[in-house]
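See below for the structure under consideration.
What you see is a predicted model; the values in this text were computed from it and never measured. In this chain, residues are counted from 1 in sequence order.
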Amino acid sequence: MSYVLGIDGGGSKTVCVLMNDLRQVLGRGEAGPSNYHSIGIEATLQSIQSAIKNAVEAAIITNYVNIDAICLGLAGVGRAADIEVVKGLVKELQNNKFLTINWALKPENIIICNDALIALVSGIGQPVGIVVAAGTGSIIFGRNHQGDTKRVGGWGYILGDEGSAYKIAIAGMNAALKSYDGREISTSLIEGFKQHLDLESIEDLIEVVYRREWGVKQIAALAPIVDFAAASGDIVANIIIDNAVKELVKATSTVIDAIFSADSVLEVITTGSVWRGRCKIHEKFAASLIKKFPNVNVIFPRYEPAYGAGLLALQTTQN
């Protein structure tokens with residue numbers, strides 16, 4: 001029986017599944033983030049190793065498990081240089097004496113890709129359609145039946161990530177401070193941030209964001225404050241959410257125009273923490289996109305991304 005590893009590595013966490021050739025998940029493990037652009041190569045390696053170790057231990061296999069294939073879908077991996085970096089990580093994994101694994105990997109059984117591809121496969125069980133990933137960061141990725149692909153976004157929190165939790169949180173804090181200054185209309189975001197962060201004054205955001213040296217993950221975790229305010233009817237918060245929707249619709253439309261026809265029947269998978277909000281951002285996105293492309297079906301993924309990575313790994317053992 002073939003055993004494979006499917007790994008989903010993002011800006012918030014890393015998930016690994018151990019699967020057999022019947023597509024059954026035998027073990028699942030989680031660890032910290034694994035976007036090496038944000039946290040460095042060594043920390044990324046540690047997260048991936050921990051996720052694999054946890055998945056293998058969860059499978060309760062007494063002997064060493066033989067791994068015939070592996071797929072790593074990692075955030076921030078898209079360029080040739082990124083692929084080479086991750087290849088080095090895979091070599092390190094195979095040299096780790098603490099993993100109870102017999103590695104039987106061949107070059108053709110190692111898949112290294114962006115996490116958008118595995119999210120697409122996990123969404124519908126096949127690599128055809130579009131995935132709109134809006135979590136800590138954001139990226140839109142599509143693949144048609146001919147194998148043509150198109151990526152929009154995924155440029156990171158400084159250069160891109162429109163519609164992401166990070167950008168929503170930043171816009172929320174920016175709006176709260178502008179309102180405090182008198183440059184923006186009154187907004188409940190001021191009290192929202194104060195209560196959530198236990199601040200005496202909204203001015204204390206300076207200490208939280210700068211002096212505590214908060215990173216992308218911590219800031220992105222503040223997006224639910226904007227979501228809650230928008231769901232409660234706050235005008236400023238709703239403008240922020242509407243702007244996020246516009247960016248995501250524009251990016252998705254760009255992918256459709258590039259590799260699909262306007263009347264194509266296709267599924268658009270929405271994945272990531274942003275879509276789980278209370279302010280109906282998913283409904284707004286779907287309605288706006290379907291207005292432009294009536295044959296599009298906007299859905300939530302059927303499986304988690306790590307499972308999609310496992311499916312891609314399995315494919316390499318069956319060719």
Considering residues, nucleotides and ligands other than [X], do more than 12 of their heavy atoms fall under 6.0 Å from its [atom1]?
{"X": "W103", "atom1": "CH2", "value": "yes"}
{"X": "K284", "atom1": "NZ", "value": "yes"}
{"X": "E108", "atom1": "CD", "value": "yes"}
{"X": "F293", "atom1": "CZ", "value": "yes"}
{"X": "I235", "atom1": "CD1", "value": "no"}

Step-by-step side-chain contact (heavy atoms from CB on, under 4.5 Å) determination, I7 to I48 = CA-CA 8 Å; I7 297 172; I48 294 173; 3.8 Å; yes
Spacing of [X] atom [atom1] and [Y] atom [atom2] [to the nearest 0.5 Å]:
{"X": "I256", "Y": "N144", "atom1": "CD1", "atom2": "CG", "answer": "12.0 Å"}
{"X": "S138", "Y": "E247", "atom1": "OG", "atom2": "CD", "answer": "8.5 Å"}
{"X": "I111", "Y": "I118", "atom1": "CD1", "atom2": "CD1", "answer": "10.5 Å"}

Under 3.5 Å side-chain donor-acceptor pair for [X] and [Y]:
{"X": "N295", "Y": "D263", "answer": "no"}
{"X": "Y3", "Y": "D21", "answer": "no"}
{"X": "S201", "Y": "K194", "answer": "no"}
{"X": "T317", "Y": "D68", "answer": "no"}
{"X": "Y36", "Y": "E42", "answer": "no"}
{"X": "S47", "Y": "T14", "answer": "no"}

task = Could you go through the side-chain hydrogen bond (donor to acceptor under 3.5 Å, both in side chains) check for K292 and S253 one step at a time?
result = CA-CA 8 Å; K292 296 183 66 176; S253 300; 3.1 Å; yes
task = Could you pull out the closest heavy-atom pair between T271 and A119, with the gap in Å?
result =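 Closest heavy-atom pair between T271 and A119: CG2-CB, 4.0 Å.
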Where V56 and L18 come nearest, the two heavy atoms and their spacing =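 Taking V56 first and L18 second, the nearest heavy atoms are CA-CD2, 4.4 Å.
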request  = Test F285 against every option in V132, I241, V274, I290 by the side chain to side chain contact (heavy atoms under 4.5 Å, CB included) rule and name the one that passes.
outcome  =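 So, applying the side chain to side chain contact (heavy atoms under 4.5 Å, CB included) to F285 and each of V132, I241, V274, I290, only V132 qualifies.
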query = Of the options D161, I225, L222, I240, which is the one that meets I168 in a side chain to side chain contact (heavy atoms under 4.5 Å, CB included)?
reply =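 Of all the options given, the one that passes is I240.
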Charged N-O contact under 4.0 Å between [X] and [Y]:
{"X": "R143", "Y": "D148", "answer": "no"}
{"X": "K178", "Y": "D181", "answer": "no"}
{"X": "E84", "Y": "K87", "answer": "yes"}

task = Flag this pair as yes if the NZ/CZ of R211 is under 6.0 angstrom from the six-membered ring centre of W214 and inside a 45 degree cone about the axis; otherwise no.
result =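 Judged by the rule, R211 and W214 form no cation-pi pair.
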query = Any idea how F300 and H282 line up, ring-wise: parallel (<30°), tilted (30 to 60°), or perpendicular (>60°)?
reply =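 Parallel, since the angle between the ring planes stays under 30°.
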